[in-house]
There are 2 protein chains.
Amino acid sequence: MALEHAILVSLTERAGSGYELARRFDRSIGYFWPATHQQIYRVLRRMEEAGWVKHTEIAQDGRPDKKIYRVSAAGRAELSRWLATPDDPAVLRDSLGVKLRGASLTAPGLVRQEVERHRAEHATRLELYRGIAHRDFPKPAKLHGRDLHQYLVLRGGIRAEESFVAWCDEVIDALRKDKS
Amino acid sequence: MALEHAILVSLTERAGSGYELARRFDRSIGYFWPATHQQIYRVLRRMEEAGWVKHTEIAQDGRPDKKIYRVSAAGRAELSRWLATPDDPAVLRDSLGVKLRGASLTAPGLVRQEVERHRAEHATRLELYRGIAHRDFPKPAKLHGRDLHQYLVLRGGIRAEESFVAWCDEVIDALRKDKS
DNA sequence: CCTACCTATGCAACTGGTTGCAGTGCACCT
DNA sequence: AGGTGCACTGCAACCAGTTGCATAGGTAGG
């Protein structure tokens, strides 16, 4: 139920079209709340019906018209309401855990390879996050307000990936030793 | 798409009814792949149609009849196939990140309180996991095969919760300092 | 005695998210 | 000239997961 609110946060920072939102999600919020353009379009329409956003059509030449959405007063109110409402902590859900539990039901080494694959992908994402942190927030101690919040979210991504990679290493190591 | 496979893993370890599976999910696999009894019943029926499991009805007195499911040869084959198929790494999806990004749009301290709440819940879960690890796996260095795999999954949960709690502390600290 | 919870299964309605497809026109590369 | 890819919107079908409810007898506690 937070996609609406993720969109409200993003549109509050800066108005934009569904397409632009999808790009933004790909590049930043989406690292922590993924969404496809389909979903964004659908939710935007629903949000407009609820009166949380309104759009103005912009004709462009050379490329399709676009609809720029901006947050209404009702949308701001809804966002405040949501920010003040506690919600349940997110749960872990990773098929790699299931595979690991079933590891002894297949060829030795097979699941280890899968763990290695995941490790590599998470390490790549970690590097991506670290790059963003380095480029966009070179002096984290000086940050305040919105910039600080954005940085802290990124820190969450970095920590999550770091710990995932470390876990993969522990698993790979243990599986290697177990086989010998 | 892994619920089927989580069930296959669990039923391979030991046959059981839908209800029992739901209990087991609550107590162990479900920490890493949550599922309600509704979903389990529905998926079990689908799996039986696919020929992956079959059930035998057990009449009980005093309590309702139950259907004990066990994995068929086709189910074992499907599980092997799945174990050998790579899948995409799980993505982070936590509304707390969205709230943090919107923190400056509301009263100072409000989002910090929510982070504190989440910290407390994750810390509780961490203690739960540590307790299980301590009780069920007192000598981790000696583990092999299935026990080792189960332990490693638990380690993943412990690491994830540890890193989440540490992140919360970082966030709480930074938000406190920012306000002054 | 009454309430509340446990075992055990299940239906129905809904919400959220994914996948595949479709159309338009420009820009770039070969 | 032809293909790929980007910008921009959207429909339709599907899959996965959640929530609320129903049924039914047993056991434990106030």
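By convention in this document, chain letters (A, B, ...) are assigned in the order of the sequence lines, proteins followed by strands, and residues within each chain are numbered from 1.
Nucleotide dC6(C) holds its P atom 9 Å from the CZ atom of R23(B), rounded to whole Å. Taking atom CZ on R45(B) and atom C1' on dG17(D), their separation rounds to 15 Å, with Å as the unit. Rounded to whole Å, atom P of dA8(C) lies 13 Å from atom OH of Y69(B). In this structure, CG of D65(B) is placed 11 Å from P of dG10(C), rounded to the nearest angstrom. If you take CD of Q39(A) and P of dG10(D), they are 16 Å apart, rounded to a whole angstrom.
With hydrogens and angles ignored, no donor-acceptor pair closer than 3.5 Å exists between the side chain of R46(A) and the base of dT15(C). Side-chain atoms of R42(A) and base atoms of dT15(C) include no donor and acceptor less than 3.5 Å apart.
In this structure, R23(A) fails the cation-pi test against F25(A), since its NZ or CZ atom is not both closer than 6.0 Å to the six-membered ring centre and inside 45 degrees of the ring normal.
Taking side-chain N and O atoms only, Y41(B) has no distance below 4.0 Å to OP1 or OP2 of dG10(C). A sub-4.0 Å separation between OP1 or OP2 of dG17(D) and a side-chain N or O of T36(B) is absent. Proximity of Y19(A) to the phosphate of dT9(D): no side-chain N or O atom is located under 4.0 Å from OP1 or OP2.
For R93(A), the listed nucleotide lying nearest its side chain is dG17(D); candidates were dG17(D), dG10(C), dT9(D).
Contact check on K67(A) versus E57(A) returns no salt bridge, with no Lys/Arg side-chain nitrogen under 4.0 Å from an Asp/Glu carboxylate oxygen.
Closest-nucleotide positions on DNA chain C for W33(A) and K67(B) were compared, and the one nearer the 5' end corresponds to K67(B).
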Can you tabulate the close N/O pairs, meaning under 3.5 Å, that link protein atoms to atoms of nucleotides 22-24 of chain D?
none

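In the helix from dC1(C)-dG30(D) to dT30(C)-dA1(D), the terminal helix axes, each the rotation mapping four pairs' C1' atoms onto the next four within five end pairs, subtend 30°, rounded to 10°.
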